[in-house]
Trainee: 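I'd like to ask you about the structure that follows.
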Amino acid sequence: MRAITIILFKDLAQRARDSTLFVFAIGLPLGMAFVLNLILGGGGNSFTAKYALVDADRGPIAQVFTEQVLVPLEKQGTLSLRRVATAEEAGRLTESQEVQAAFVLPAGFSAGVQAGAPATIQVVGSVDAPVAVQVAREIGEAFATDLRSVQLAVTVAGGATLTQEQREQIAERARTVAAPLSVRDDSNVATRELDTTTFYAAGMAMFFLFFSVVFSVTSLFDERRSGTLARLLAAPIPRSAILAGKLLSGVLVGIVSTAILVVASSLLMGARWGDPLGVGILIVAAVLAATGMMAAVATFARTSEQASNWQSVIAMILGMLGGVFFPVANLGSLATITFATPHGWFLRGLSDLAGGGSLSAILVPTLALLAFAVVGFAMALLRVGRMLQS
Amino acid sequence: MSDAVLACDGLRKQYGQMVAVDGIGFSIAEGETYGLLGPNGAGKTTSIAMIVGVLARDAGDVLIDGQKHDVNSVKTKSLIGYVPQEMALYPDLTARQNLRFFGRMYGLSRNDIKRKTDEVLEIIGLADRADETIGGFSGGMMRRLNIGVGLIHRPRLLILDEPTVGVDPQSRNAILDSVEQLAGEGVAVLYTTHYMEEAERLCDRVGIVDKGRMQAEGTRRELVAMVGEHDRVTLTAEGDLARAAAALREMPEARQVSHDESRIELMVPEAGVVLARALHEVTEAGVTVRSVEVREPDLEAVFLHLTGKALRD
Ligand SMILES: Nc1ncnc2c1ncn2[C@@H]1O[C@H](COP(=O)(O)OP(=O)(O)OP(=O)(O)O)[C@@H](O)[C@H]1O
Ligand SMILES: [Mg+2]
């Protein structure tokens, strides 16, 4: 036991000098989660876009867009709306970033639509708020599509030139068809699904966990290269203590770095991991799985470089299959494949917790993770003898 | 030998078709220094690895202090101090941290580690560089630290595998001094080297290994007698050396006589007994002797005789 601790602390001290560990264990997962959340996450509950509206038309269709589309979204808290008189003023506001995007309904907008022309809602956006601008475009396009179907219906019924009556019909129907848009609200806890922010924080933590524990058994190759393995083998300690010290250093680094990620992503990104005890259990199980599996992979290699390469490839494939880059819900039937990986089970466990599940909800994911751990450790133990030769 | 600190017998290790060690055995008593000499690839390091318990042996026995010893013997391993032939240090740690880590591995207490670390740093002459990361050390400094780590606990048996390669003469002297001192305190020492002076100076007994087998074993005197080497007398002289050489050949003790324009070489069992007579014969032959050199046979000669190779290549 004493020997295990001594080797463990020596290894941790050596790791602590290695800045790449911090990059892989903390920097990259946090950064990637942040970026992925920004690019792919779309709206979250904390998302409030600031828009301006220029209604130079003041016709019936413009009124439908304002009253039936934008105002409900404003009430829902998804956006804040600022009415301005001219497109120039809206442009100034986006430039000064007081608003992120502006809807411009040009003069003659309603008349055009009523005459059967395609609706054009201009969106002027700030380059610094790509997500908010994208959302604005989609709101505009959704409305334009709705209008198009109304126009088609009326035109098919009435022939080439539209009568005054038909024009009024378009405006009337538009009013009923343009049902209030809804922007998906991911904060809905009843769905047993992680919100996007937490999903990416957890996914990236798991993905990079597999990279940050690779050193544990692989460092036996370094001990051999530095000749120190001969000294460890000559020392009055059981050989198993050497292996145990190495494995434990991986487990410890994994647990600590994931714990830091939980705290950091909660504070910096607003991730909500769920019940701390449940999260803790899942993390420990996941770290054991990662360390065991990466150790098993290492035993097939001949050098530390080869081991790292193979481990990286496996970690990459597992991460892809495990669905850490795409929310499982979006994968459809492919989602089952994620359960061939610890990543899938870890994320599943977390969403079960997020669904308000009690600890018993994570029993299956925890057992699945531990099964990966057992298989990994068993394989590593069976094969490690080869590596314990100076 | 029951009082031997190390007794090994019938050690054998085979790599594929190659038998690296083939039945090597010897023993070392308390306070005794035993030299294992042999050409490159003779099997010295492999034997040592099996003795230390780093390498599993195919056959043979090792007793440390009378107790059976193998790769899993934790208790007897604590009695051995080991200086591997290859450098065995953590390059990203400091000299002191390296010493401390292995001190802990051998179960030294906190106080002992502090005291022994300072003591060893003094012996290996690295006290002033103790807190530098050793990545920047010179080859010789690394060597010294490599030896130091083997001394950090108080071993009963100290095993040094070519420890002084690349160490400057001054530090080498300090190292040899401390090995001698440890032996004087009762530590059994197993030493391999390619330096004749070291073997001659340190070793009470020597084993000569070649091709995985023990070729000969004994004290220097015993080995010399065993191979029947003679003292070599070299006379530098002027005059008719051919005539003088012919006169020397008449002496019953002369085993071999040769000469060139300025020197006569005479091989005899014991130079002291015949030297005066030989000088008389040479002078009688009208030759003026300028200088006389007598060389007793050394390990180098024994080594050459047994292995057909020079000790250093
Ligand atoms: N792991 C190994 N695999 C295969 N052959 C080996 C291995 N280790 C040593 N040998 C071979 O065993 C023989 C003995 O090697 P060893 O290192 O014991 O020699 P040595 O006497 O220490 O030589 P040197 O004076 O050069 O250090 C050599 O022929 C070597 O090539
Ligand atoms: Mg050797």
Side-chain angles (χ1 to χ4, degrees), chain A residues 1-22 215-216 218-246 248-249 253 302-305 308 381 383-390, chain B residues 15 45-46 48-56 64 69-94 97-110 113 133-135 142-143 145-146 149-150 152-153 155 157-159 161:
Chain A
M1 202 53 221
R2 183 185 144 89
I4 298 175
T5 331
I6 300 166
I7 294 178
L8 170 66
F9 278 110
K10 191 268 298 171
D11 273 32
L12 290 179
Q14 278 180 307
R15 284 316 124 188
R17 278 161 222 263
D18 179 6
S19 57
T20 56
L21 177 65
F22 292 101
F215 71 85
S216 85
T218 307
S219 68
L220 277 177
F221 290 114
D222 302 327
E223 299 270 8
R224 187 191 298 167
R225 184 161 43 192
S226 65
T228 44
L229 183 57
R231 278 215 155 101
L232 292 180
L233 293 175
I237 55 169
R239 291 190 169 202
S240 54
I242 304 174
L243 186 61
K246 299 280 167 194
L248 212 55
S249 67
V253 165
R302 297 192 164 277
T303 64
S304 118
E305 287 73 24
S308 311
L381 283 175
R383 301 187 42 91
V384 80
R386 236 169 39 88
M387 292 172 82
L388 287 177
Q389 277 165 18
S390 55
Chain B
Y15 290 113
T45 298
T46 308
I48 284 178
M50 291 189 282
I51 291 169
V52 172
V54 164
L55 182 67
I64 306 286
H69 174 83
D70 62 28
V71 289
N72 296 314
S73 309
V74 169
K75 198 166 150 226
T76 37
K77 276 185 179 176
S78 66
L79 302 175
I80 303 175
Y82 175 40
V83 177
Q85 178 173 5
E86 304 298 333
M87 218 73 77
L89 301 164
Y90 294 107
D92 47 356
L93 301 185
T94 66
Q97 285 168 333
N98 269 286
L99 288 167
R100 217 185 273 159
F101 171 71
F102 286 106
R104 285 200 197 108
M105 285 272 99
Y106 280 86
L108 295 192
S109 71
R110 197 169 286 274
I113 286 178
T133 307
I134 64 165
M142 294 267 234
R143 277 274 158 207
L145 183 60
N146 198 42
V149 173
I152 188 74
H153 66 298
L157 171 64
L158 178 61
I159 298 181
D161 194 354

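Every heavy atom of this structure was used, including side-chain atoms; hydrogens, water molecules and symmetry mates were not. Bear in mind the structure is a predicted one, so any value in this text is a computation, not a measurement.
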Trainee: Which heavy-atom pair separates M105(B) from I7(A) by the least distance, and what is that distance?
Mentor: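 Heavy atoms of M105(B) and I7(A) come nearest at CE-CG1, 3.6 Å.
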
Trainee: Quick check for you: to the nearest 0.5 Å, what is the distance between R104(B) atom CZ and T5(A) atom OG1?
Mentor: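 Those atoms lie 10.5 Å apart.
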
Trainee: Less than 4.5 Å apart, side chain to side chain, heavy atoms only: is that true for R100(B) and I6(A)?
Mentor: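 A side-chain contact under 4.5 Å is absent here.
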
Trainee: Between V83(B), V74(B), V71(B), which shows the greatest number of heavy-atom pairs under 4.5 Å with chain A?
Mentor: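 The residue among V83(B), V74(B), V71(B) with the greatest pair count is V74(B).
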
Trainee: Is there a side-chain contact between L89(B) and R231(A) in this structure, where contact means two heavy atoms from C-beta onward sitting under 4.5 Å apart?
Mentor: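 Contact flag for L89(B)/R231(A) side chains = yes.
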
Trainee: Which bit of M87(B) comes within less than 4.5 Å of chain A, counting heavy atoms only: side chain, backbone, both or neither?
Mentor: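 For M87(B), the backbone is the part near chain A, not the side chain.
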
Trainee: Are any side-chain N or O atoms of K77(B) and backbone N or O atoms of P238(A), one a donor and one an acceptor, separated by less than 3.5 Å?
Mentor: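 Not a single qualifying donor-acceptor pair exists.
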
Trainee: For atom CZ of R302(A), decide whether the heavy atoms of other residues, nucleotides or ligands shown that lie under 6.0 angstrom number more than 12.
Mentor: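 Atom CZ in R302(A) is not packed in, count stays at 12 or less.
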
Trainee: Taking side chain as C-beta onward, heavy atoms only, is L232(A) less than 4.5 Å from F101(B)?
Mentor: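 L232(A) vs F101(B): side chains touch.
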
Trainee: Considering non-hydrogen atoms only, spot the tightest contact between R17(A) and L93(B) and give its length.
Mentor: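 Scanning both residues completely, I find the closest heavy atoms to be NH2-CD2, 3.8 Å.
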
Trainee: Taking all atoms of both residues into account, what is the closest heavy-atom pair of A88(B) and G227(A), and its distance?
Mentor: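 Scanning both residues, the minimum pair turns out to be CB-O, 3.2 Å.
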
Trainee: Of the backbone (N, CA, C, O) and the side chain (C-beta and beyond), which part of Y106(B) lies under 4.5 Å from a heavy atom of chain A, both, or neither?
Mentor: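 For Y106(B), backbone and side chain are both near chain A.
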
Trainee: How close do G107(B) and R2(A) get, heavy atom to heavy atom, and via which atoms?
Mentor: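 Residues G107(B) and R2(A), closest heavy atoms: CA-NH2, 3.5 Å.
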
Trainee: Could you report the tightest heavy-atom contact between A234(A) and V52(B), atom names first, then the distance?
Mentor: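 Taking A234(A) first and V52(B) second, the nearest heavy atoms are CB-CG1, 3.4 Å.
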
Trainee: Only pairs of heavy atoms separated by less than 4.5 Å count here; which of V149(B), L55(B), N72(B) has the most with chain A?
Mentor: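 It is V149(B).
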
Trainee: Quick one: what part of N146(B) sits under 4.5 Å from any heavy atom of chain A, side chain, backbone, both or neither?
Mentor: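 Contact with chain A involves both backbone and side-chain atoms of N146(B).
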
Trainee: Heavy-atom distances under 4.5 Å only: say whether I80(B) touches chain A with side chain, backbone, both or neither.
Mentor: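 No part of I80(B) comes within 4.5 Å of chain A.
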
